[in-house]
Structure formats: structure tokens, C-alpha cells
Protein chains: 2
Amino acid sequence: MVTIYDIAKKTGFSPTTVSKVFNGYSDVSQKTRRIIMDTAEELGYLPNAHARSLTTKRSWTIGILFIETSGVGLLHPYFGGVIEGFKKVATSKGYDLMFVSKDIGGKKSGYLEHCKIRGVDGVVIVLPDYTDPYFIELLESDIPCVLLDQESDSKSTVYSDNVAGSIEAIEYLYSLGHRDIAYINGGQTFAGEKRLQGYMQGMQKLGLPVLPQHIVQGSYDYTVESGRIAMEELLKLDTLPTAVFVAGDNFAIGAIGAIKAHGLSVPEDISAVGFDDIEMAKYVTPALTTVRQDTYVLGKRAADMLIYCIEGGSEIQQAVIPVELVIRDSCRPL
Amino acid sequence: MVTIYDIAKKTGFSPTTVSKVFNGYSDVSQKTRRIIMDTAEELGYLPNAHARSLTTKRSWTIGILFIETSGVGLLHPYFGGVIEGFKKVATSKGYDLMFVSKDIGGKKSGYLEHCKIRGVDGVVIVLPDYTDPYFIELLESDIPCVLLDQESDSKSTVYSDNVAGSIEAIEYLYSLGHRDIAYINGGQTFAGEKRLQGYMQGMQKLGLPVLPQHIVQGSYDYTVESGRIAMEELLKLDTLPTAVFVAGDNFAIGAIGAIKAHGLSVPEDISAVGFDDIEMAKYVTPALTTVRQDTYVLGKRAADMLIYCIEGGSEIQQAVIPVELVIRDSCRPL
DNA sequence: ATGAAAGCGCTAACAT
DNA sequence: ATGTTAGCGCTTTCAT
């Protein structure tokens, strides 16, 4: 392995000067700089990130933490988009991304421990189970963090405008003449709660009664199958709603499957609106009307905020990303 | 920050002894071990991974490299599954995962450079553009690697049994009475080529002619939209095939969309078989008959092989993971 | 403009 | 069973 000492020896300068060159210090002559750069090139020198981190206490690494309990992980389209966006800006600013789990070295530990041992400069937290004590511990630490789909006083957060999106969905259904609008929620998550809140606000705003039997809790995992199961609940009702607003496209697709399985059809018998606008949404039958959230932007914004924080920014920021209703074929006028 | 020196000072033992305790050396008395462990706990000691890596030349980090050109990245279900599986076993064996890009420190460099600078112990390479010179450079290096969906003499590889899967698909269509079977390929990838090969072998084996106009190249990205476009080609033919085998479920869903858009239906007019078995496959209409590949297993196997290699194994391994035809509703007997 | 010296936190030979 | 010494590759005062 070629080190700065090799370059120093070969050029006759000191390791200090060599180091200065690579760190862009101004107190090195142009000539010396050239010689050192050329020699580095010639010897195939590459810096050693570990050695650098050891002295500078900066790893240029960002930890990425996403929930592990559901088992779906990256398979959910939400994560993919967010991580892609995040990675894009983090990389361009010189950071690498590392997955952070509860375990390290094959042993149980905790997120905070993991972060400290690895010396990450900051952490993005995606869709966490916010009752997890290890998560709380991280939140209360002084490590720079940004939370997605989460609210917090101590850390910066970014999330989609779930409330507005839900209200828009309800208003759209209302405009089509629907009055009996059910809601399938996405488990006990921040986004789920906000969407539920939006549903209720929307209904109330329009003077529509919120019926308890019209609200069903889907499970946390946001899988198609869970959506199917949730819809089954609704289909047991004596008088069916004329529309369902579903807190996730996977869910919605499952729900539509359930409706079809009951010999009913969408949108003829029941109209449906989803949330997310996954790629598949426009290709399922009927093409899904849904609230689009821009996960890529979510990720990019999160990276901006985290890096701001890592680089000394002390202000706790909060970004709410607008969503947009995309009208397709899963709703009909009454 | 608490270091082993703090523990040494407090307990009266030397830093070496403390280090030995944490590294499980046997030449430390039980009593001493206890004292040191307790003190570590009490002081809240956490090891510093960078310092350790600096001396040991082992980072316990695995780089993960996946193609960046297509722009879909993690959004494709394939990646998600593979990475999940990989992460699962890597984590359990003490490794963390870090994304490796062509850039480092915000500057262009190359994969190999990035890996060396970060000191990763090995790299998983997922679906690369194998003409990329930076990729070649990595392949020819001495860094432990495992390749997914790839063939190589110098590195271990793991991939699904694309050929057998394709043959099975063709045989199934044949058994249903289909003779005019078209094929939509997935771009210039290893998997695409293998599936094409399987298609041709299957056709030949059954004595069916392979018509050039029945083979269309989809684009590299495996998106629904590309599948739609590819199918449009096929639909321009004077005599349409009675079935299409499509090298990816996203593709297949797009293709089915195109068929419907032409006023035809699946499977009544054209039968379709996909490849992947993504979650959505059973929820689209018609539910998609497809060749299931187990991306989770792919990932786990890859991790096993890479770690074997990292830990000194010199044998170059090759794993072919079986696939399975899943019959649903997108094909009909002729 | 350049360099000497010390130190980041840890481990590995090599004593004892 | 325990400790001494040196060193991993780099940066950072602080001199000169």
C-alpha cells in the first residue's frame, strides 16, 4: 500500500507537505504541489479513509436506518425511492451510505452503539417503529439525524403532506357524488395517522359523518395482502360504502382484489383511491386513482437537511413535501 | 470518548490486556476479564472501528455495487430482494454494508478506487453493465467479489437458472397448444441473454421454428413502460403470435397493457408468461403466470460466497438457483 | 513555504 | 497471565 510517506520519500518533501497538498492547503507552492500530485499519480497513491477518520473524527459516512420488523424492507417502493434520492445528493457531497442495524459484529447492540462504533457522521431514519427504545435512544443522542415520516422536536424531519393529500382525495370523491366513503388505514405509523386525520378532516369539512365501521386498520407492512384482508372487513358491512380511500397503493391493489373476489367491481360498485402512486398504479386494472407522493424528492430533501446538520447547522428543520392527486380509472361519478 | 486507555488506567491493567479481552484472547484470567468488562460497561466504552481497521486491515464492511445507469436502481423489485437477503446474512456474520459508487468524496474516481479508499473487505456486484471499464477494473483486481446475474472466470457468481426457467415457460405454453410463441427480451444483460437462450432452446427442443420477427428486444431498464413499447412492436405483425414469453414481470405487465390497448385481451387472444414473480404478479388482471426467481435466496447465497472468499477461501464458486413456474391466469389452452 | 513531533485508538510481536 | 514497544496512515499544531 502506497502511503504519504512513500510520496514524501520519493519527492524529498515531508509527509506534512504531502498531506497539505491532498487537503488543499494554500501554503504549498504550485511547483511542489505539482511534483507531489504527479508522484502520487505515478505511485498509484490512494488515501486511507480509516486513517483519516481516526484523526479527523469525520468519516464521511451516513448511516441509513430503516425498519426491520416488517420484513419487507427495501422491497417496498417507498424505501427504494427515498434511498435513491438520498444517495444521489449525499454522494455528490462526498458522503457514502452505510446500512445501520441493531446488530454489529454479529452481536445485538443498538442503533446508537452501531453508529458510534462506526463513527458515522449522521443518520437518516426511514419509517421507524417509533416506540422502539433503541430508536428513542438514537433520537435523544447528539448524532445528527433526519427523520422521514415522523415528527420530532429534537431532530429535523421531512414528510409528505399526508393530511392535504387525504383531504384532496376525499374532496375528489365528494365531487363525484360519493357520501359513504370508507377508509383503510396503514397501521400505527406517522403517515397512517396523518392520513387518517386528513380523512376525518376532509369528511368533517364536507359535513359527512365519520362512521367507525368505515375505518379499518390495515397492518403495518403495507403489503398487497394486508390490503386485501382489510377490505374483507369492509365487505362484511350490511351497507357497503360507495368509495374507499386506501392509505397506500399496495393496499389499494389488495383491496380491489378483494372487491373483485366478492363479485363486485371497481369503480362500478365501489370507487377506490390509493396513496403513493407506485409505478404499477397506472397499469393495474382499473388504473388506480391515487395521491402521488414524490419519494425521490423526499430523499433528496432529507439528504440536504442532514448534511446541513452534519456540517454544523444547528437549526432544526421541517420539510413538508406537497403531494398531488392523480386521477385515473378507479373512481366513478355517482 | 472512552478508549481502552481509560479502561486500562482505571483498572490498572495495560491497554494490551484490555484489548485482549475484547478480542477474546484466551490468555487473560477470568477475574481480569470480568473486571475489565465491568469497567468498560461502567465507562460506556465503545470500540472505534476506524482505529481497529487501521491496524488490522479489516473493515468488516462489504461494498454493494449496483448499476446506476438505468436510473431505476433500488426501485426495481429485483434489487430489493437481493439486497435484503444479502444484508441478512452479512449482518449476522458481523459485516456492514456500504454503497459503492463511481464517485468518492464528491469526485469521479471509479469503483476499485472507491473500494480501496474505503477499505471494504469485499464487494457484491448486482446487475452491472459489464462493459463498463471501471467494472472490468474491479473484476481484475484482487478484491473479493461476488457477481449476481453474471458469468466470470475470476470471481464467484450466483444467478437464477434462467435457461431452465425459460424452457419451462415455453414447454408449458406448448403443452397448452401454443406454437406461435413470441419473446420479449430484457436488454443486453446476462439474464436477458440466458433467457433468450432458454427460449431458443425450448423452441428448438419442441421442433418449433424460431422466427426473428417474434423476438423483440426490450430496453435495459425492465420497466413497465418498456414492456409496453416492446409489445407494440409485436402487435404490428401481420399474423400475431398466440403467446408471448416476457423476460420480466414489469415488462409483462406493460405488454399486457399494450395488448389491451389494442382491443385484444389476455389470455383470450394472446397468452403471456412473465419472469420474476414480483409481489404484484398475482394481483394484476389477469393474474400473471410467471417464472419465479427467489431474489432473497440469491442474495443470501451471494453473501455466503463472498464471505467465504473474504475469509480466505480461494475456490471460485458458482451457484445457480432454481426457478419455478407459477401458473396463474394469463395463459389459456388453445 | 516547509517540516518535526505528537497523537488519533487500536492491535500485534515480543518479552517477562 | 500480563506488559512493553512499535506502528497502522493520516492530520495538526507549532516551529522555522
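Each chain gets a letter, A, B and so on, in the order the sequences are listed, and its residues count up from 1.
Looking at heavy-atom distances under 4.0 Å, A:G119 makes no contact with the nucleic acid at all. If you check every strand for non-hydrogen atoms under 4.0 Å, A:S53 touches nothing. No contact: A:F22 has no heavy atom under 4.0 Å from any strand.
Note on A:Y45: a side-chain N or O is less than 4.0 Å away from OP1 or OP2 of D:dC10. Regarding contacts with the backbone of D:dT11, a side-chain N or O of A:R52 is found under 4.0 angstrom from either OP1 or OP2.
In 5' to 3' order, the nucleotides of DNA chain C bounding all contacts with chain B (an atom under 4.0 Å from a heavy atom) are C:dG9 to C:dA13.
Side-chain atoms of A:V146 and A:C309, non-hydrogen and from C-beta on, never get closer than 4.5 Å to each other.
With respect to the salt-bridge test (charged N to carboxylate O, under 4.0 angstrom), the residues A:D304 and A:K300 do not qualify. The existence of a salt bridge linking A:E113 and A:K108 is excluded, since no basic side-chain nitrogen approaches an acidic carboxylate oxygen closer than 4.0 Å. Using a 4.0 Å cut-off between charged nitrogen and carboxylate oxygen, A:K10 and A:D6 do not count as a salt-bridge pair.
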Could you go through nucleotides 12-16 of chain D and list every protein N or O atom that sits under 3.5 Å from one of its N or O atoms, giving the distance for each pair?
| from | atom 1 | to | atom 2 | distance (Å) |
| --- | --- | --- | --- | --- |
| D:dT12 | OP2 | A:Y25 | OH | 3.0 |
| D:dT12 | O4 | A:T16 | OG1 | 3.2 |

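With the end axes of the helix from C:dA1-D:dT16 to C:dT16-D:dA1 each set by five pairs, the angle from one to the other reads 30° at 10° resolution.
At whole-Å resolution of the value, CZ in A:R58 and C1' in D:dG9 are 19 Å apart. D:dC10 atom C1' lies 11 Å from atom CE of A:M1, rounded to whole Å.
The 5' end of DNA chain D is approached more closely, in terms of each residue's nearest nucleotide, by B:G12 than by the other of B:G12 and B:K57.
Residue B:D153 qualifies as open at atom CG: its count of foreign heavy atoms under 6.0 Å is 12 or below.
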